[in-house]
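Residue indices begin at 1 and follow the sequence shown.
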Amino acid sequence: MPTKNLQIPTADGRADAFAAFPDGGGRHPGVLMYADAFGIRPVVRELARELAGHGYYVLVPNVFYRHGPTPLTELPEHIGEDVRPALIARLMPLIEAHTAEPERILGDADAYLRFLTAQPEVGAGPVGVTGYCIGGLLAMRTASAHPGQVAAVAGFHGPVGADGPDSLRRLLSTLTARVHLGHAETDMTPAALDELNQALDAAGIDHTSEIYPGSIHGFTMSDTDAFSAEALQQHWDRLLPLLDRTLGVS
């Protein structure tokens with residue numbers, strides 16, 4: 001599986017990034033993948049390689065590049081609950097600063113998509129966007145800002161809708177992509193899921209949005225205590241058909 005470490009030019013500098021794509025040459029549909037708060041690391045690279053193995057060029061940017069290359073803080077091989085709170089405490093100021101500035105998010109998204117679609121291994125046509133944890137929110141904001149370009153968007157254990165109903169309505173008002181949202185049981189109550197899905201219905205968005213049974217926040221990440229092999233497989237069972245239907249890979 002070919003991979004590259006890349007530098008994406010942006011208005012504020014260069015974002016380091018990881019890319020994976022199918023072997024054998026040719027051009028492939030592009031997918032922009034946003035990592036969780038812990039950033040690009042072995043488990044995220046493995047997710048990108050797995051997705052690339054299904055026929056996609058996958059680009060994973062370091063969204064906190066303004067503060068340095070990934071990893072921004074030293075990470076253990078396994079992010080257990082004994083160390084997770086301290087790591088999140090170090091990263092939370094970066095997360096809050098980034099998500100508080102919509103213009104920064106959208107400017108970066110423009111740069112990421114422009115770079116992705118310019119790669120010689122990426123074919124013409126629409127792209128997909130997927131994200132994990134805070135990356136799920138970034139994925140939805142990217143898709144909303146690029147309705148003519150992003151055909152599919154997926155978010156897993158992300159805080160979509162956490163900013164309140166008015167913010168959610170604005171986010172959905174320009175969204176045209178097909179959507180899948182996979183929520184952890186610890187992140188989303190059934191009542192909150194109903195409200196979110198009603199908003200998606202009201203906006204006329206083709207979507208699936210569900211709570212993955214028995215899951216906790218971070219269930220896709222095998223280097224954390226939250227990891228669930230069953231929930232990760234459910235994530236692939238939802239993500240791959242979504243991308244295949246919208247981007248033309250079978």
Novice: Could you pull out the closest heavy-atom pair between Pro85 and Asp82, with the gap in Å?
Specialist: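 Heavy atoms of Pro85 and Asp82 come nearest at CD-C, 4.5 Å.
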Novice: Hey, does Ile134 have a side-chain heavy atom less than 4.5 Å from the side chain of Thr99?
Specialist: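 Result yes, sub-4.5 Å side-chain heavy-atom pair found.
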Novice: Using side-chain heavy atoms (C-beta onward) and a distance below 4.5 Å, is Cys133 in contact with His217?
Specialist: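 Heavy-atom side-chain distance check passes, below 4.5 Å.
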Novice: Does Asp16 reach the side chain of Gln7, with side-chain heavy atoms less than 4.5 Å apart?
Specialist: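 Side-chain contact under 4.5 Å: yes.
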Novice: Show the nearest heavy-atom pair for residues Leu75 and Pro71, with the distance to one decimal.
Specialist: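 The answer is CD1-CB, 4.4 Å.
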Novice: Are any non-hydrogen side-chain atoms of His98 and Arg104 less than 4.5 angstrom apart?
Specialist: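 Heavy-atom side-chain distance check passes, below 4.5 Å.
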Novice: Could you report the tightest heavy-atom contact between Leu175 and Ser144, atom names first, then the distance?
Specialist: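 Smallest interatomic distance, heavy atoms only, reads CD1-N, 3.6 Å.
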Novice: Counting heavy atoms not belonging to Glu81, are there more than 12 under 6.0 Å from its CD?
Specialist: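 Yes, because the 6.0 Å sphere around CD of Glu81 holds more than 12 heavy atoms from other groups.
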Novice: Do the rings of Phe219 and Tyr212 sit parallel, tilted or perpendicular, given the 30° and 60° boundaries?
Specialist: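 Judged by the thresholds at 30° and 60°, the geometry between Phe219 and Tyr212 is tilted.
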Novice: Got Met33 and Leu51 here, is their nearest side-chain heavy-atom distance under 4.5 Å?
Specialist: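 Yes. Closest side-chain heavy atoms under 4.5 Å.
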Novice: Would you call the rings of Phe156 and His180 parallel, tilted or perpendicular if under 30° counts as parallel and over 60° as perpendicular?
Specialist: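 The rings of Phe156 and His180 sit tilted, inter-plane angle from 30° to 60°.
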Novice: Can you give the donor-acceptor pairs under 3.5 Å from side chains of residues 107-118 to other protein atoms, not counting sequence neighbours?
Specialist:
{"residue": "Asp108", "atom": "OD1", "partner": "Tyr65", "partner atom": "OH", "Å": "2.8"}
{"residue": "Asp108", "atom": "OD1", "partner": "Arg66", "partner atom": "NH2", "Å": "2.9"}
{"residue": "Asp108", "atom": "OD2", "partner": "Arg66", "partner atom": "NH1", "Å": "2.9"}
{"residue": "Asp108", "atom": "OD2", "partner": "Arg66", "partner atom": "NH2", "Å": "3.3"}
{"residue": "Asp110", "atom": "OD1", "partner": "His146", "partner atom": "NE2", "Å": "2.7"}
{"residue": "Thr117", "atom": "OG1", "partner": "Leu113", "partner atom": "O", "Å": "2.9"}
{"residue": "Thr117", "atom": "OG1", "partner": "Arg114", "partner atom": "O", "Å": "3.3"}

Novice: Could you check whether any side-chain heavy atom of Tyr34 comes within less than 4.5 Å of a side-chain heavy atom of Val60, counting everything from C-beta outward?
Specialist: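 Side-chain contact under 4.5 Å: no.
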Novice: For Arg49, what residues pass the side chain to side chain contact (heavy atoms under 4.5 Å, CB included) criterion, not counting sequence neighbours?
Specialist: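 Expected list: Met1, Thr3, Phe18, Ala20, Arg45, Glu46.
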Novice: Kindly assign one of parallel, tilted or perpendicular to the pair Phe21 and Tyr57, based on the angle between their ring planes and the thresholds 30° and 60°.
Specialist: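 Answer is parallel, since the angle falls under 30°.
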Novice: For Ser209 and Leu200: C-alpha separation, side-chain torsions, deciding distance, then whether side-chain contact (heavy atoms from CB on, under 4.5 Å) applies.
Specialist: CA-CA 9 Å; Ser209 174; Leu200 288 160; 4.1 Å; yes
Novice: Kindly check if the number of other-residue, nucleotide or ligand heavy atoms within 6.0 Å of CD (Gln233) is above 12?
Specialist: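 Result for CD/Gln233: enclosed.
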Novice: Between Met221 and Arg41, is there a side-chain heavy-atom distance shorter than 4.5 Å?
Specialist: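 They are in contact (side-chain heavy atoms under 4.5 Å apart), so the answer is yes.
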